[in-house]
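Heavy-atom basis, side chains included; hydrogens, waters and symmetry copies ignored.
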Amino acid sequence: MTRPSPRRIVVLGSPGSGKSTFSHALAAGTGLPLVHLDDLYWGPGWRRPTAPEWEHAVERLVAGPHWIIDGNFADTVRQRVERADTVILLDRHPWLCAAALVRRSLRLRRDALLGRRPRDFVPAGLAVNDPPVRSLTALVRKAAGFRDRELHRMSPALTAASAPVLRCRSRRAAAQVLRDLATPAAHPLPAAPGTPVCGCAQRRRPSGPPPGPSRPPAPSSGPARPVHERST
C-alpha cells in the first residue's frame, strides 16, 4: 500500500547542515508552505521571545493542516514531531557543518559590507542594521557538539515518534529524500492564517530557479537511514 504524500514535515539538523537550503527545495518539490523557526523566534536586535510566547507560537504553528517546519529548538521538538507525518534529520559530520558555517558567515559579512542583498538565510525579524550572524563562535561550537548535546536531547522525541524519521548523513542521501518526497506537478498549498511563511527565497534569489542542493544530485548508493519508522 502506497503511503500518502506527507503534509506535515519537520526538518532538523546541525547548524551548517544545509537545513534551510534543503527545506527550500522540499517546499518547491511538494508545494507545502515553509516556515523557518528562526524567522519566528528572533526579533530586532536578536531579541528572543519569552518562554510562554515561544511555546504558544509553536503550538499555533503545528496546529495548521500542512507545513514544512525548519529548525531545531530542542525544547519544542516533541510538539512538532507529535504532529508531523515525516521527520527529516540532516546529520552530516560536525566538522563539515562547522566549515560550512564559516563560509556562510564570510559570505554574509561580505554582502553586508558591499551593501548587497544577503544570498544566505537571515532571520526575517532582524532589523536592517542588525549583524547577519549573531555569534559565529557559538554556532561553530553548537555544530561541533550537535550530536552529543542537542541531538541527544531530541532523541527521546525521535524514538517515540509514530512518523518515519529519515536520517541523512550526506548530501547524496538528502538529495534522494527530495526525489522520494517530490510530488509531480505540485501546486503550492495555502498556509493557515497567521502562519509566518518563508519569504527568504524572494530575499535571497530575486530571479532564477528555486533553491536546491548546492551540488547536482548524484546517484544514490542507498536510502536515507531511518532512525525509527512505523506505519501510521
Could you pull out all donor-acceptor pairs under 3.5 Å where a side-chain atom in residues 94-105 meets a protein atom, sequence neighbours excluded?
{"unit_1": "Arg104", "atom_1": "NH2", "unit_2": "Phe121", "atom_2": "O", "d": "2.6"}
{"unit_1": "Ser105", "atom_1": "OG", "unit_2": "Arg109", "atom_2": "NE", "d": "3.4"}

Checklist outcome for this item: Separation between CZ (Arg92) and CZ (Arg171), nearest 0.5 Å, reads 4.5 Å

Next on the checklist: Please enumerate all residues that pass side chain to side chain contact (heavy atoms under 4.5 Å, CB included) together with Glu82, with sequence neighbours excluded.
Outcome noted: Arg78

Checklist entry - Counting only N and O atoms by type, is there a donor-acceptor contact under 3.5 Å from the side chain of Arg149 to the main-chain atoms of Ala144? => result no

Item to check | 4.5 Å side-chain heavy-atom contact, Ile88 and Leu181 | outcome: yes

Checklist entry - Taking side chain as C-beta onward, heavy atoms only, is Leu40 less than 4.5 Å from Trp54? => result yes

Item to check | pair Gln79-Leu61: side-chain heavy atoms closer than 4.5 Å | outcome: no

Checklist outcome for this item: Rounded to the nearest 0.5 Å, the CG atom of Asp70 sits from the CG atom of Leu37 at a distance of 7.0 Å

Item to check | Spatial distance of atom CD1 (Ile69) from atom OG1 (Thr195) [nearest 0.5 Å] | outcome: 9.0 Å

Next on the checklist: For a 4.5 angstrom cut-off between non-hydrogen side-chain atoms, does Leu158 reach Leu151?
Outcome noted: yes

Checklist entry - If we ignore angles and hydrogens, is there a donor and acceptor under 3.5 Å between the side chains of Thr50 and Glu53? => result yes

Next on the checklist: For a quick test of reading the model, state the closest non-hydrogen atom pair linking Pro6 to Leu32 and the distance between them.
Outcome noted: O-CD1, 3.6 Å

Checklist entry - Taking Asp91 for the side chain and Arg169 for the main chain, is one N or O donor matched with an acceptor at less than 3.5 Å? => result no

Item to check | Heavy atoms from other residues, nucleotides or ligands near CZ of Arg60 exceed 12 (cutoff 6.0 Å) | outcome: no

Checklist entry - How many angstroms lie between atom OG1 of Thr86 and atom CZ of Arg7, to the nearest 0.5 angstrom? => result 12.0 Å

Checklist entry - Considering only heavy atoms from C-beta outward, does the side chain of Leu139 approach that of Pro15 to under 4.5 Å? => result yes

Next on the checklist: Once rounded to the nearest 0.5 Å, what's the spacing between atom CG of Asp148 and atom CZ of Arg153?
Outcome noted: 13.5 Å

Next on the checklist: Tell me if a side-chain donor or acceptor on His66 pairs with a main-chain N or O of Pro190 at a distance below 3.5 Å.
Outcome noted: yes

Item to check | pair Val10-Trp67: side-chain heavy atoms closer than 4.5 Å | outcome: yes

Checklist entry - Which residues pass the ring pair (Phe, Tyr, Trp, His ring centres under 6.0 Å) test with Trp42, sequence neighbours left out? => result Trp46

Checklist entry - Has the side chain of Arg8 got a donor or acceptor atom that lies under 3.5 Å from a matching backbone atom of Pro65? => result yes

Checklist entry - Quick one: which of Asn72, Val81, Asp75 gives a side-chain contact (heavy atoms from CB on, under 4.5 Å) with Met154? => result Asn72

Checklist entry - So, do Pro123 and His36 sit near enough that their side-chain heavy atoms are less than 4.5 Å apart? => result no

Checklist entry - Are any of the side-chain heavy atoms of Leu90 and Ser14 separated by less than 4.5 Å? => result no

Item to check | Straight-line distance of Asp111 CG to Asp120 CG, nearest 0.5 Å | outcome: 7.5 Å

Checklist entry - Any donor-acceptor pair under 3.5 Å linking the side chain of Ser170 with the backbone of Ala173? => result yes

